[in-house]
Amino acid sequence: MTKRLASCPGDWEHFSHMADIGIRGVGCSIEEAFEQAAMALTAAITEPSKVRCRNSIQLEIQASELETLLFDWLNALIYEMAVRNMLFGHFQLHIDDCHLQAQAWGERVDRYRHQPAVEVKGATYTELRVANEEGVWIAQCIVDV
Amino acid sequence: MDINDLKQSSKYSWQLDPRGHMRVPVVIYGDYDLVAAMDDKVLKQATNVAALPGIVTASYAMPDAHWGYGFPIGGVAAFDADQGGVVSAGGVGFDISCGVRTLRTGLKVADLELNKRILANALYEEIPVGVGSTGRIRLDDAQMDAMLAGGAQWAVAQGWGSAADLERIEEHGTMRDALPNEVSARAKTRQRSEMGTLGSGNHYLEIQEVSEVYDQRTAEVFGLHTGDIVVTIHCGSRGLGHQIGTEHLRDMAQAAHRHGIDLPDRELACAPIHSAQGRGYLGAMRAAINCALANREIITHLTRQVFARVLPDAQLELLYDVSHNTCKLEQHAVNGEIRQLYVHRKGATRAFGPGHPELPAVFRDVGQPVLIGGSMGTASHVLAGNAGNDALSFASACHGAGRSMSRRRATKTWRGREVIDELEERGIIVRSPSMRGIAEEAPDAYKDVDAVVNAADRAGLARKVARVIPLVCIKG
């Protein structure tokens, strides 16, 4: 569930918060870091490898700066998971100047196969950070569960 | 946290005097061990709250305080609208009006013994619980708005609940001045299939036994005796509240500078109470309170149906229903002057003392029941609001045990199956769709609820009335 980060290509991990869960994606590009942050979001709920890519949805988000874009991206996924009763296990993104276009693949929640641990209520501003550190993009925040 | 940073003002009260941008002191309640064990970030967050415009008297942290987002969990702060005071989406949190209600059953432990497992299975079957569960109630647009305006009163009028419950719910079952038209279409869509669902995480339905009574007179008024069986439900405003929290947090964080508010942490997102944004949030947040009250009333109705089938002698009567993530307009005495204040309680329970005019007649002499949920497998407590706590914490007390270990560490420490087997050996039946969820909620991942409650009692916030222990736990 919690992975050790490889430097590049993309990867994700969880970091500690007392009541909730920190999610972090890293990648060679900002798109990859956002994709991996979304994988970390799914991993807060279930083992991502258990999620089959049966259906996909498309999302388009515009924000004023990158951290708000990450906040909006994760909250858009949380909303889609809730109203479609789905989990997502694969993501493809294109980000152009704080404009995000994405496709997310997944399937309906299967309580027995996915064993979902928690329902994510929302992505928060706490520990919210999008940064390029020595050529590696990091996208992270705490999610409320 | 480094307790040396604080001035001890009594055995159970610790203070940080204003410095820097702080407008008021921080006051933390707890014994030495509880306060010393709190994360440094609790003090940092309480200090940030103390710097918000219009804050009155102090930024408080209850004995179960832990690192939240924006406000600490266990944070209490009151604001005066006429002195530039703010309302904060971060100060209420995502799970608006998350709360606890306890029902008496009229049963004793012996009445349950033969049917305990049947009852556990039937409750697990009947009450939607966990990620992806959906309720049977579907509301059209008009019904959704009626629910958001009416709360538990609406649920009772629909036949989901009992009219006798209403006076035993804060706000008598309906939060006034809710504005359903301030609730976004997305928030309403997110709620469509979630009416009457328990949720997941630390939300639960438990069958419990009253194991100890500390205050006979008050317990008598509350109708609690040693060996009684009670049912406790812990859940909130579901997807609707989460979506309102998310949207308003974002909007308030973005607009703060327009209101001349300098946010030390974006999560403290707030707006002046006297602003269109502040009024809009208050209206939507109050609608979410009604959603939570309706939700707990519907779950109560489902619970009663199960008991009627399995144990028809049971009479489920509501003891009380409290919410612990709210902002409410209340009247409080500040230095002898009565003022109207917007009191934020984030992971804190209202605890009106004896004689408070908002309380139903039955509780007028003893104070409001304060229901404190423990972790799965550990005790919960019933307390009563204390006379004089208005001056201590705007009549607030703790709300639960509070986590002592992150979810991540908990899943590395325990396996869900082992936790369930261990609890089963102690006579506690757990039903949950998620083994990982059980590991994350393992009893030892939480602080000692008894220590938290003792500190609340000794600090004078609320007094101990009875302790209850779990027999059956339905967990999301």
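Below, chains carry the letters A, B, ... as their sequence lines are ordered, and counting in each starts from 1.
Separating the OG atom in B:Ser406 from the CD1 atom in A:Ile21 is a distance of 8.5 Å, to the nearest 0.5 Å. Atom OH in A:Tyr79 sits 8.5 Å away from atom CD in B:Glu247 (nearest 0.5 Å). The structure places CD of A:Glu127 at 9.5 Å from CG of B:Asp265, a figure rounded to the nearest 0.5 Å. Between the OG1 atom in B:Thr197 and the CD atom in A:Glu119 there is a gap of 7.0 Å [rounded to 0.5 Å]. Rounded to the nearest 0.5 angstrom, A:Tyr125 OH and B:Leu268 CG are separated by 12.5 Å. Separation of atoms CZ (B:Arg408) and CZ (A:Phe15) is listed at 10.0 Å; rounding is to 0.5 Å.
Interface residue A:Thr46: only backbone heavy atoms are found under 4.5 Å from chain B. Contacts between B:Gln243 and chain A at a heavy-atom distance below 4.5 Å involve the side chain alone, from C-beta outward. Using a 4.5 Å cut-off between heavy atoms, B:Arg186 contacts chain A through both its backbone and its side chain. Interface residue B:Glu194: only side-chain heavy atoms are found under 4.5 Å from chain A. Contact annotation for B:Met405: only backbone heavy atoms (N, CA, C, O) come within less than 4.5 Å of a heavy atom of chain A. With a 4.5 Å cut-off on non-hydrogen atoms, B:Thr246 touches chain A through its backbone and its side chain both. B:Gln254 touches chain A through its side chain: at least one heavy atom from C-beta onward sits under 4.5 Å away, while N, CA, C and O do not. The contact between B:Ser404 and chain A is made entirely by backbone atoms, counting heavy-atom distances below 4.5 Å. Looking at A:Leu128, the atoms closer than 4.5 Å to chain B (heavy atoms on both sides) sit in the backbone and in the side chain alike.
Here the closest non-hydrogen pair linking B:Arg436 and A:Ala43 is NH2-O, 2.9 Å. Heavy atoms only, all atoms of each residue included: B:Ser133 and A:Arg111 are closest at CB-NH1, 3.7 Å.
A:Asp20 and B:Tyr69 share no donor-acceptor pair across their side chains, judged by distance under 3.5 Å alone. No donor-acceptor contact under 3.5 angstrom links the side chains of A:Gln115 and B:Ser434, judged on distance only.
In terms of heavy-atom pairs under 4.5 angstrom with chain B, the leader among A:Ile142, A:Leu87, A:Asn75, A:Ile78 is A:Asn75. Most heavy-atom pairs under 4.5 Å with chain A, from the set B:Gly239, B:Ser432, B:Gly476, B:Gly437: that is B:Gly437. Of the residues considered (A:Asp144, A:Val145, A:Asp110), A:Asp144 shows the highest number of contacts with chain B, using heavy-atom pairs under 4.5 Å. For the set B:Arg403, B:Arg266, B:His66, B:Arg190, the count of heavy-atom pairs under 4.5 angstrom toward chain A peaks at B:Arg266.
A 4.5 Å side-chain heavy-atom check between B:Thr134 and A:Asn85 finds at least one atom pair inside the cut-off. Side chains of B:Arg407 and A:Val118 form a contact here, defined as non-hydrogen atoms less than 4.5 Å apart. The side-chain heavy atoms of A:Asp72 and B:Arg250, taken from C-beta on, include a pair separated by under 4.5 Å. Looking at heavy atoms from C-beta onward, B:Arg192 lies out of side-chain contact with A:Val83 at the 4.5 angstrom threshold.
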Show the atom names and distances, to 0.1 Å, of all donor-acceptor pairs under 3.5 Å that link a side chain in residues 50-59 of chain A to residues at least two apart or in another chain.
| from | atom 1 | to | atom 2 | distance (Å) |
| --- | --- | --- | --- | --- |
| A:Arg54 | NH1 | A:Glu107 | OE1 | 3.3 |
| A:Ser56 | OG | A:Gln103 | NE2 | 2.9 |

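With hydrogens and angles ignored, the 3.5 Å screen pairs a side-chain donor or acceptor of B:Glu267 with a backbone N or O of A:Thr126.
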